[in-house]
2 protein chains.
Amino acid sequence: MSRSAITIIEIARMLGLSKSTVSRALAGHRDVNEDTRKKVLELAQKLDYQPNVVALHLRQQRTRTLGVIIPETMNRFFAKAIGGMQQVASQAGYNVIICQSNESLATEKMNVRTLLSNRVDGLIVSVSGETDRYDHFDLVSKKNIPIVFFDRVAESIPSSKVISNNYEISKEATLHLIKQGCKRIAVMAGPQYLYNSRNRLRGYIDAIHESGLECKEKYILQTDFKLKRMDELVRYLVNMKEKPDAIFAINDMAALEMIHVLKNMGYRIPEDIAVMGFNNEPICKFVDPPLTSIDHPADEMGRSAAALLINHLETGNATVVERCIKSQLIIRGSTHRIKK
Amino acid sequence: MSRSAITIIEIARMLGLSKSTVSRALAGHRDVNEDTRKKVLELAQKLDYQPNVVALHLRQQRTRTLGVIIPETMNRFFAKAIGGMQQVASQAGYNVIICQSNESLATEKMNVRTLLSNRVDGLIVSVSGETDRYDHFDLVSKKNIPIVFFDRVAESIPSSKVISNNYEISKEATLHLIKQGCKRIAVMAGPQYLYNSRNRLRGYIDAIHESGLECKEKYILQTDFKLKRMDELVRYLVNMKEKPDAIFAINDMAALEMIHVLKNMGYRIPEDIAVMGFNNEPICKFVDPPLTSIDHPADEMGRSAAALLINHLETGNATVVERCIKSQLIIRGSTHRIKK
DNA sequence: AATTTTTATGGGAACGTTCCCGGGAAGGTT
DNA sequence: AACCTTCCCGGGAACGTTCCCATAAAAATT
C-alpha cells in the first residue's frame, strides 16, 4: 500500500467538505446536492481515487471474499471449477481466494485457519485425498461461516453440497464395458473414506452384479490420487492368472499412461484390454486410440457452488441444499470392441 | 464474518487487562509479565481466538497479499507457476490472490483495478495474448506498488522480470529439427507484439539462416493462443506446393491435435512430418509417438517471481532485476528421424 | 409571521488492531 | 533517604470507511 494513497478525507479537504459528504457522494446516496456530487466525482476521477476496501471490510464486518480450498490447481477438473466460481463471484461483486491442500490433511487444516483469519465470508471446499475426518471444520460452523462442499464432500457436515452422480455414471460406464464383451474388469478405486470414491466403487460393483458376473476382490485396486509407478501396476495386472480384459482407471492420465505401457508390452487396445478414463480431458480425443472417458461439468459445479454460497450469504438463508450435476459418458475408441 | 467473533478487547475484558497488554502478549512482545502472557495465551487458545487480519491490514497499511494476474489457470504452465508462487508466498507469510485475464486486455485492466482497490502489496503479472499496450499499469507504478512480470513480460515497463530463454531454446529446437534432416519447417508464431513470441520466432529464423536454409514467409503461421479449427490449419499445410516436413507448434495441445489429424490423413510421424511441441506436458511421454517438447521450469519461474517481489517489498529495494530461467529441449520420438 | 418540512452538510462513533507514550511499583545504587 | 533503572501495564491515537445523529439553511406550509 502506498503511503501517499488518496483517501476520502483528502478529497474532502481539497473541496472543503466533510468526509461524510464525500462518502455519500461517492456511494450514490441521495442526501447530497447534485453540484457537490459532481465536483466530488470529478475530483475522484482525476485523482484516480480507489476506495480502500480494507477499511470498508473492517467497517462492514464482511469482506465480500469467498475462500476456496481444493486439492490441487494443477488438476484440470479443479482448475475448471475455479474458473466457474470466479465467474459467478466477480459477477456478484465477490473476490475469491484460493488455497491448495496438495492432497494433504495437514495443509487443509492450515488453509482453514488462514482463510478464517482472513475473514472470508464463506468457504467452498473440496477435501483432500487424505481427509478422513472433518473436525477442522467445526470452528467454521461455530463461527457461523457457511461452507459449501463440492465434488469431494464431507458427508457428515450439515452444509450445502454440489456433487456429481458418481454412482450412476460409474455404473453406466461399467455396464458399457460389459456390453462390449468385457468380463474381467479391473477398477482403480480411490480412498474409500471419500464419499466420491465409495460411490464410484458401488456403481462398479452393482453393475457387475446386475450383469450376473462375479465381482472379484483382486480386480479392485486400492489407489490414491498421487499416482506413481504405473508400470508396476500394469505388470501386476497382466501377470494375473485371469488377466483383466478391461481397466476402469481413476483418471485420464492414469489411463493414458497405462495404455502406453500396455502398448509397449504388445497388447492391443481395446481388443486385448479396453481402457476407460475419467474426467474427459481434451487430450482424450487426440490419442490413439481415443480414450473413452467421463465428462464432468466442472465449470458448472464451480458456478453452482459459488452461487449457492453467495445465496446463503445474501439471504441469510441457512437451509442446506444438495445439488447434483450430471456427468456424461463419452464413448471413444479405447473401449469400442463391438461394431454395431 | 460472525458477529460474535472474539476480539482482543474481549479477552482483555475477561482477564481484567487492557487491550494493549493482550496485544503485546499475543505478539510475543517482551514488555509483558510471563504469568499474564501465559494466561492470555491460554484463554486465546481456549476461545479459538484468531486475529482479525483485516483490522491489522488497515492499521499496518499493508495486506501481506500478492496480486497475481495470469491469462488462464487452466493452462498448466500458469497453474504450475501459481503453485510455485504460493509456496514461496506462504512461507514468507504472504497470501496470494489470483485473477485471470482470460487472454483479454479488457479483463486484465479490470483485474488491475480490483487488485489495487484490494490493496495488494505487490503484483505479479503475465500479460494476456491481447495486451499490446501497457498504460493500465501506469496507475500501479504511480502508487509505488512494485510489479514483477513473468514469462509474458511488458518490456517497456521498468520493473523486475522473470523470463525464460525463449530465443535460445527456440533456436536449439529448430536446429534439432534441421539436424534430423528437415528442410521445410513450419512454425506457429504467436502474437508478435508479445516479447515472448517475437523472441521465439527470432530463434527459429536465426537457426534457419545459420543453417544455410531459406526462410520462407509461408512457413510462418500467425496464430494466437486460443486455437480452434486445427484441422483447417493442417489441411492448409499439407496442400502447399512445398509441403513442410516439420512443424514447430505453439504448444503441446496444438501439436497433439495436429499429429492426430495428420495420422488420420495417413501421414507418418516423424517420417513424413516431424512435430515439435512446446511446454512438455506430462502427456508428451505417453502418446504415440512420444512428443518432443520444450520444458519450462514453470514452478521455478513462479517461485522466482514471488521471491523477487517479496524481496522488493521487504527491503524496499527497487532496483530492477531480470532473471532468466533456462528451458530445456526434451527430444522424443515425434522428431527423431535419424538413428545415431 | 410563525411553524413545520425538506435538503444538505458536518460531527463523531465504530470496526479491531498496533504502537507510542506516560506512569506506577518494585528493586537497586549512591 | 533520595534517586535511577527496570519491569509492567493502561490510555489513546491512528488506519479509512460508513452511518447515525444533530443542525443549519432553505423551502413550504399554516
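It should be emphasised that the depicted structure is a prediction, and the values quoted were computed from it without experimental measurement.
- What separates CG of Leu26(A) from P of dC19(D) is a distance of 13 Å, to the nearest Å.
- Where Arg37(B) and Ala27(A) meet DNA chain D, the nucleotide closest to each residue was compared, and Arg37(B) sits on the side nearer the 5' end.
- The nearest whole Å value for the distance from the CD1 atom in Ile9(B) to the C1' atom in dA14(C) is 10 Å.
- Across the interface with DNA chain D, nearest-nucleotide mapping of Thr21(B) and Leu56(A) shows Thr21(B) to be the residue nearer the 5′ end.
- Scanning atom types as modelled, one donor and one acceptor separated by under 3.5 angstrom connect the side chain of Lys19(A) and the base of dG12(C).
- Separating the CD atom of Gln50(A) from the C1' atom of dG16(D) is a distance of 14 Å, rounded to the nearest angstrom.
- Separating the CD1 atom of Ile8(B) from the P atom of dA14(C) is a distance of 18 Å, rounded to the nearest angstrom.
- Among Asp121(B), Leu58(B), Asn118(B), the one residue that satisfies the side chain to side chain contact (heavy atoms under 4.5 Å, CB included) test with Thr63(B) is Asp121(B).
- For Ser23(B) and dG16(C), the shortest distance from a side-chain N or O to OP1 or OP2 is not below 4.0 Å.
- Arg113(A) has its side chain within reach of Leu139(A): a pair of non-hydrogen atoms, C-beta onward, lies under 4.5 Å apart.
- Under 3.5 Å, the side chain of Arg24(A) and the base of dG10(C) form at least one donor-acceptor pair of N or O atoms.
- Within the 4.5 Å cutoff, the side chain of Ile325(A) has heavy atoms near those of the Ser304(A) side chain.
- The list of salt bridge (Lys or Arg N to Asp or Glu O under 4.0 Å) pairs with a residue in residues 74-103 of chain A, not counting sequence neighbours, reads Arg76(A)-Glu281(A), Glu103(A)-Arg152(A).
- Computed from coordinates, the Asn52(A) CG to dG16(D) C1' distance equals 6 Å when rounded to whole Å.
- A side chain to side chain contact (heavy atoms under 4.5 Å, CB included) with Val127(B) is found for one member of Ile70(B), Asn196(B), Leu194(B), Leu105(B) and no other, namely Leu194(B).
- At a threshold of 4.0 angstrom between heavy atoms, the contacts of Asp31(A) include nucleobase atoms, whether or not backbone atoms are also involved.
- Phosphate proximity of dG16(D) to Gln61(B): present, with a side-chain N or O under 4.0 Å from OP1 or OP2.
- The residue Leu17(A) sits close only to the backbone: its heavy atoms come under 4.0 Å of sugar-phosphate atoms, none of a base.
- dG16(D) atom C1' lies 15 Å from atom CD of Gln60(B), rounded to whole Å.
- Using a 4.0 Å heavy-atom criterion, one finds that Ser20(B) contacts the bases of the nucleic acid, with or without backbone contacts as well.
- Checking dG10(D), dG16(C), dT9(C) against the side-chain heavy atoms of Ser18(B) singles out dG10(D) as nearest.
- Contact check, Tyr49(B) against dT17(C): a side-chain N or O comes under 4.0 Å of OP1 or OP2.
- Distance CG (Asn33(A)) to P (dA27(D)): 12 Å, rounded to an integer number of Å.
- Between the NE2 atom of His29(B) and the P atom of dC19(C) there is a distance of 6 Å, rounded to whole Å.
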